[in-house]
Amino acid sequence: MSRSVTFAALILSCLSALTAVAEAVSWPWYPTGPGDVCKLIAASVSSASEVYYPNATSYDFDNYHFASSSSQLSECSVEPGTAEDVAAIIKIVGATRTPFAIKSGGHNTNPNFSSTTGVQIALTRLNNISIDPTAQTATIGAGLIYDEVYAALEEHDVMILGSRATGIGVGGFILGGGYSFLSNEYGLTVDTVRAFELVLPNGTISAVTDTSDPDLFWALKGGHNNFGIVTQFTMDTFPIGQVWGGSVMLPTTDYDAVKNATLHFWNNAADPKADVMVGFTAAQNQTLIEVDLFYDGPAPPEGLFDGFMDIPDAAQNMSAMTVRSYLSMVQSAGTNATAGMRGYFDTVSITDLSSSFFDAVLNETTYWYRTLASEVPDVVVHYDVEPFLQNVYSHASADSSAWPPRRDQHFTPMLIYYGWTSPNNDELINQVMQQSSRTLTELAIGEGQDVSNTPLYNNYALYSNPVESMYGDSLGRLRQVRARYDPWRIMDLAGGWKF
Ligand SMILES: Cc1cc2nc3c(=O)[nH]c(=O)nc-3n(C[C@H](O)[C@H](O)[C@H](O)COP(=O)(O)OP(=O)(O)OC[C@H]3O[C@@H](n4cnc5c(N)ncnc54)[C@H](O)[C@@H]3O)c2cc1C
Ligand SMILES: *[C@@H]1O[C@H](CO)[C@@H](O)[C@H](O)[C@H]1NC(C)=O
Ligand SMILES: *[C@@H]1O[C@H](CO)[C@@H](O)[C@H](O)[C@H]1NC(C)=O
Ligand SMILES: *[C@@H]1O[C@H](CO)[C@@H](O)[C@H](O)[C@H]1NC(C)=O
Ligand SMILES: *[C@@H]1O[C@H](CO)[C@@H](O)[C@H](O)[C@H]1NC(C)=O
Ligand SMILES: *[C@@H]1O[C@H](CO)[C@@H](O)[C@H](O)[C@H]1NC(C)=O
Ligand SMILES: *[C@@H]1O[C@H](CO)[C@@H](O)[C@H](O)[C@H]1NC(C)=O
Ligand SMILES: *[C@@H]1O[C@H](CO)[C@@H](O)[C@H](O)[C@H]1NC(C)=O
Ligand SMILES: *[C@@H]1O[C@H](CO)[C@@H](O)[C@H](O)[C@H]1NC(C)=O
Ligand SMILES: *[C@@H]1O[C@H](CO)[C@@H](O)[C@H](O)[C@H]1NC(C)=O
C-alpha cells in the first residue's frame with residue numbers, strides 16, 4: 001500500500017512541474033517520448049543547468065566515451081549544475097519511465113552503462129573541490145575527472161585515492177571500488193569514502209554516511225548506480241609530496257628479466273608505499289612489455305625495485321622512472337592513445353602468480369593478436385597483472401562495502417583490454433575475450449588457485465559476466481537496500497550492473 005501511495009506522490013510532485021512548461025509545450029500536455037521529456041526537463045531546471053540537442057558541441061561532449069562502443073546518440077543531454085536540478089531530472093525520468101544514463105568520466109567500457117538513446121545526464125558541471133584540513137577530507141563533485149582533482153589537491157600537499165590513468169571520472173571509479181597507486185597503503189578507494197551526497201530515486205537529496213544509513217552507505221561502496229545519483233563524495237585525504245615512478249615500454253627480449261622481477265615482487269614485496277603493474281600490448285605486428293612502477297616518496301628504498309631497475313635496457317627506457325608529481329605520474333602512462341576506438345575491458349581474479357601463468361598471459365596476448373590480425377588489423381590487445389600486496393583488503397572491515405563481497409582472500413584483478421574500430425567486430429571480440437578469460441581462469445584453477453569463488457572486479461568486468469561473479473554474498477543485501485530506496489525500479493531505466 002505505502003508503495004503505491006508513495007508512487008502517486010512521486011507522480012504528483014512531477015506533474016506539478018508541468019505548470020512550468022505550459023508555455024513550452026502545447027497544453028494539455030502528455031509526454032509522448034523522450035523528446036517531450038527533454039523539454040519538460042529544460043523547463044524544470046534552474047539556470048545552473050542546461051539541456052542540449054544534437055546541434056550542440058556540449059551534446060557531443062556529454063555523449064563522448066573513452067571507448068566509442070560505449071557511446072549512443074541520446075535524444076538530448078542535460079548537464080545539471082546543482083543537486084536540486086538532479087532531483088528534478090530524476091523525478092521526471094522516473095515518473096515518465098524514460099530511459100536515461102548517468103555519466104561521470106565516461107570511461108566504463110561496457111555499452112549502455114553510461115549511455116542511452118533517452119536522456120543523457122552528464123555530471124560535468126558538478127565540479128567543485130573543497131579541502132577540509134581539520135577533518136582531513138576533500139569533497140569533490142561527481143562530474144570531475146581525477147586529473148582535475150589531483151591537480152587541485154597536490155597544491156595543498158594532500159591526495160585522495162583514485163585512478164592510475166588519465167581521464168577517469170570519480171563517479172564510476174569510486175562507486176565500483178577503485179584500485180589506486182595508494183591502495184597498498186590505504187585500501188580500496190571505497191574504503192576512504194566518508195560521505196556521499198546522493199539524490200535518491202524519489203528525488204530526495206540525502207547525506208549518506210555510516211551513521212545516517214549504514215545499509216545505503218555500504219551498498220554505494222561498489223553497488224554503482226542502483227541507488228540514485230551521487231552528486232558529491234567526501235573522501236579521506238592523505239599527505240603527499242613528490243612521488244617516484246613512471247610507465248615504460250620494453251621489447252619482449254626483456255621478457256625473462258621482467259618476469260623474474262615481477263615474480264620476485266609478488267613473492268617478497270611488503271612495502272605498502274609501492275605499487276606495480278606489468279602488462280603486454282600487441283598491436284601493429286609488435287608486442288611490447290609495459291612496466292608501471294610507483295613509490296609514494298621521492299625515491300624507492302634500496303633494493304625494492306632492483307629486479308626491474310636491472311633490466312637490460314638498450315633504449316634506456318627505464319630512465320623514465322623518476323621523481324615527479326602525483327599528477328605527472330598518473331599522466332605518464334600512454335592509456336589515452338586508444339581513446340576513441342571501440343573497446344572492452346574484462347578481468348580474471350588471481351590469487352597467485354606463477355612463472356607458467358605469467359607465460360600464459362603473454363601467450364594469450366600474442367596468440368589472440370595473431371589470430372585476429374587478419375580480420376581486425378587495427379586490433380590492440382592488452383593484458384596486465386596487478387600484484388597488490390597480501391593486505392590490500394585489510395584496511396577496512398569485512399562487511400564495510402558491497403564490493404568486494406569478501407576480504408578474506410588475497411586476490412588481485414587482471415586487466416584484459418581489446419581496442420578496435422569497426423562495429424562489425426564487436427561480437428567477435430566479445431567472444432574472444434570471454435574465451436580468453438575462461439582459459440586463464442581454468443589455468444589458474446589447474447594450478448591449484450582457489451579462484452572459482454573469487455570476486456571479479458566490477459569496474460573491469462565485461463558486461464557478459466553474471467553479477468553473481470562480482471557481488472557474490474553481497475547480492476541479497478544489495479537487493480534489500482534497493483527494495484527500500486527504489487521500489488519503483490527507476491534506476492533500472494539506466495544501464496549498468498543490475499541485480
Ligand atoms: C584507461 C583506463 C584506466 C583505468 N584505470 C583504473 C585504475 O587504475 N583502477 C581502477 O580501479 N579502475 C580503473 N579503470 C576502470 C574504471 O574504474 C571504470 O571504467 C570506471 O567505471 C570509470 O568511471 P567513469 O566515471 O569514468 O565512468 P562512467 O562510464 O561515467 O560511469 C561508470 C558507471 O558508473 C555510474 N556512475 C558514474 N557516476 C555516477 C554517479 N555520480 N552516481 C551514480 N552512478 C554513477 C554510471 O552510470 C556507469 O554505470 C580504468 C579504466 C580505463 C578506461
Ligand atoms: C538546437 O536544437 C534545439 C531543439 O531542436 C533548438 O531549440 C535550438 O534552437 C537549436 N539551436 C541551434 C543553435 O540551432
Ligand atoms: C560549488 O561551489 C559554489 C561556490 O562555493 C557554490 O555556490 C555552489 O553551490 C557549489 N555547487 C555545488 C553543486 O555544490
Ligand atoms: C545497448 O543498448 C542498445 C539499445 O539502445 C541495444 O540494442 C544493445 O544490444 C545494448 N548493448 C549491449 C551490449 O547490451
Ligand atoms: C524518499 O525516500 C526517503 C528514503 O526512503 C524518505 O526518507 C523520504 O521521505 C522520501 N521522500 C519523499 C518525498 O517521499
Ligand atoms: C621505449 O623504447 C622504444 C624503442 O625500443 C621506444 O619506441 C619507446 O618510445 C620507448 N618508450 C618509453 C616509454 O620510453
Ligand atoms: C603486419 O604484417 C602484415 C603481414 O606481414 C602486413 O601485411 C601489415 O602491413 C603489417 N602491419 C603493420 C601495421 O605493420
Ligand atoms: C631475479 O631477480 C632477483 C631479484 O632482483 C635477482 O636477485 C636474481 O638474480 C634474478 N635472477 C635472474 C635469473 O635474473
Ligand atoms: C584523450 O583523448 C581524447 C580523444 O583523442 C581527447 O579528447 C582527450 O583530450 C585526451 N585526454 C587527455 C587527458 O589527454
Ligand atoms: C597459447 O594460447 C592459445 C589460446 O589460448 C592456446 O591454444 C595455446 O595452446 C597456447 N600456447 C601455449 C604454448 O601455451
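Both counts, for ligands and for their atoms, begin at 1 and track the order of listing. Note that the coordinates shown come from a computational prediction; the quantities given were computed from them, not determined experimentally.
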Exercise. Quick one: which of Thr338, Thr281, Thr109 gives a side-chain hydrogen bond (donor to acceptor under 3.5 Å, both in side chains) with Tyr417?
Worked result: Thr338
Exercise. Quick one: does Ile168 get a heavy atom under 4.0 Å from ligand 1?
Worked result: yes
Exercise. In terms of residue, atom name and distance, what is the protein heavy atom nearest to atom 15 (C) of ligand 1?
Worked result: Asn459 O, 3.7 Å
Exercise. What atoms of ligand 1 come within less than 4.0 Å of a heavy atom belonging to Leu123?
Worked result: 40 (C), 41 (N)
For this session: Please write down residue, atom name and distance for the protein heavy atom closest to atom 46 (C) of ligand 1.
Result: Ile102 O, 3.1 Å
Problem set entry | Under 3.5 Å side-chain donor-acceptor pair for Ser401 and Arg407 | yes
Exercise. Are any of the N/O atoms in Tyr179 less than 3.5 Å from those in ligand 1?
Worked result: yes
Problem set entry | Under 3.5 Å: N/O of Tyr53 near N/O of ligand 2 | no
Problem set entry | Nitrogen or oxygen of Tyr457 less than 3.5 angstrom from that of ligand 1 | yes
Problem set entry | Plane angle bin for Phe181 and Tyr326 - parallel if under 30°, tilted between 30 and 60°, otherwise perpendicular | perpendicular
For this session: Going by heavy-atom distance to atom 32 (C) of ligand 1, choose the closest among Asp292, Asn108, Val170.
Result: Asn108
Exercise. Is there side-chain contact between Ile289 and Met249, with at least one heavy-atom pair below 4.5 Å?
Worked result: no
Exercise. Heavy atoms, side chains only, cut-off 4.5 Å: are Phe233 and Ile160 in contact?
Worked result: no
For this session: Kindly confirm or rule out an N or O of Phe66 lying under 3.5 angstrom from an N or O of ligand 1.
Result: no
Exercise. In ligand 1, which numbered atoms sit nearer than 4.0 Å to a non-hydrogen atom of Gly178?
Worked result: 11 (O)
Exercise. Under the 6.0 Å and 45° cation-pi test, does Lys221 pair with Tyr471?
Worked result: no
Problem set entry | Residue Gly106 vicinity, atoms of ligand 1 by number, heavy atom under 4.0 Å | 24 (P), 26 (O), 27 (O), 28 (P), 29 (O), 30 (O)
For this session: Would you indicate whether the side-chain heavy atoms of Trp420 and Tyr344 approach each other to under 4.5 Å?
Result: yes
Exercise. Got the closest protein heavy atom to atom 24 (P) of ligand 1, with its distance?
Worked result: Gly105 N, 3.6 Å
For this session: Could you say whether the N/O atoms of Lys103 and ligand 1 ever approach to under 3.5 Å?
Result: no
Problem set entry | Close N or O approach (Ser163, ligand 1; < 3.5 Å) | no
For this session: Would you mind checking which non-hydrogen protein atom is closest to atom 39 (C) of ligand 1, with the distance to 0.1 Å?
Result: Leu175 CD1, 3.7 Å
For this session: Start with the C-alpha gap between Thr439 and Glu364, add the side-chain angles, then the distance that decides, and say whether side-chain hydrogen bond (donor to acceptor under 3.5 Å, both in side chains) holds.
Result: CA-CA 9 Å; Thr439 300; Glu364 288 297 302; 4.5 Å; no
Exercise. Which bit of Ala142 is near ligand 1, meaning a heavy atom under 4.0 Å away: side chain, backbone, both or neither?
Worked result: side chain
Problem set entry | Closest approach of any protein heavy atom to atom 13 (C) of ligand 1, naming residue and atom | Tyr460 CE2, 3.7 Å
Exercise. Going by the atom numbers of ligand 1, which of them fall below 4.0 Å from some non-hydrogen atom of Ala165?
Worked result: 3 (C)
Exercise. Going by atom types alone, do Gln72 and Thr117 pair a side-chain donor with an acceptor below 3.5 Å?
Worked result: no
Problem set entry | Aromatic ring proximity, centroids under 6.0 angstrom, Tyr463 and Trp497 | no
Problem set entry | Any side-chain heavy-atom pair of Ile174 and Tyr146 under 4.5 Å | yes
Problem set entry | Ion pair Lys103/Asp62, N-O distance below 4.0 Å | no
For this session: From atom 44 (N) of ligand 1, work out which of Leu415, Asn225, Leu126 has a heavy atom at the shortest distance.
Result: Asn225
Exercise. For ligand 1, does Asn336 get within less than 4.0 Å through its side chain, its backbone, both, or neither, judged by non-hydrogen atoms?
Worked result: neither
Exercise. Got Thr287 and Leu362 here, is their nearest side-chain heavy-atom distance under 4.5 Å?
Worked result: yes
Exercise. Any side-chain heavy atom of Val348 within less than 4.5 Å of one from Ile416?
Worked result: yes
Problem set entry | Protein heavy atom at shortest distance from atom 48 (C) of ligand 1 | Phe113 O, 3.2 Å
Exercise. Would you call Glu386 and Arg164 a salt bridge, taking side-chain N to carboxylate O under 4.0 Å as the test?
Worked result: yes
Exercise. Do any heavy atoms of Gly176 fall under 4.0 Å from ligand 1?
Worked result: no
Problem set entry | Backbone or side-chain N or O of His107 under 3.5 Å from ligand 1 N or O | yes
Problem set entry | Enclosure of Glu375 CD (heavy-atom neighbours >12, cutoff 6.0 Å) | no
For this session: Would you please indicate yes or no on a ring centroid separation below 6.0 angstrom for Tyr369 and Phe280?
Result: no
Seminar exercise, completed: Per the under 4.0 Å non-hydrogen criterion, ligand 10 touches Asn363, Glu364, Tyr367, Thr439
Problem set entry | Nearest non-hydrogen protein atom, atom 52 (C) of ligand 1 | Phe345 CZ, 3.4 Å
Exercise. Do any nitrogen or oxygen atoms of Phe173 lie less than 3.5 angstrom from nitrogen or oxygen atoms of ligand 1?
Worked result: yes
For this session: Return a yes/no value for Val230: is any of its N or O atoms, backbone included, closer than 3.5 angstrom to an N or O of ligand 1?
Result: yes
For this session: Kindly indicate whether the side chain of Pro404, heavy atoms from C-beta on, has any atom under 4.5 Å from the side chain of Tyr393.
Result: yes
For this session: Check each atom of ligand 1 against the heavy atoms of Gly228 and keep those under 4.0 Å away; list them by number with element.
Result: 43 (C)
For this session: Could you tell me whether the side chain of Phe238 reaches within less than 4.5 Å of the side chain of Thr192, counting heavy atoms only?
Result: yes
Exercise. Is the shortest distance from a heavy atom of Ala494 to ligand 1 less than 4.0 Å?
Worked result: no
Exercise. Hey, what's the ring geometry for Phe358 with Tyr255, parallel, tilted or perpendicular (30° and 60° as the breaks)?
Worked result: parallel
Exercise. What protein heavy atom sits nearest atom 37 (C) of ligand 1, and how far off is it?
Worked result: Gly172 N, 3.4 Å
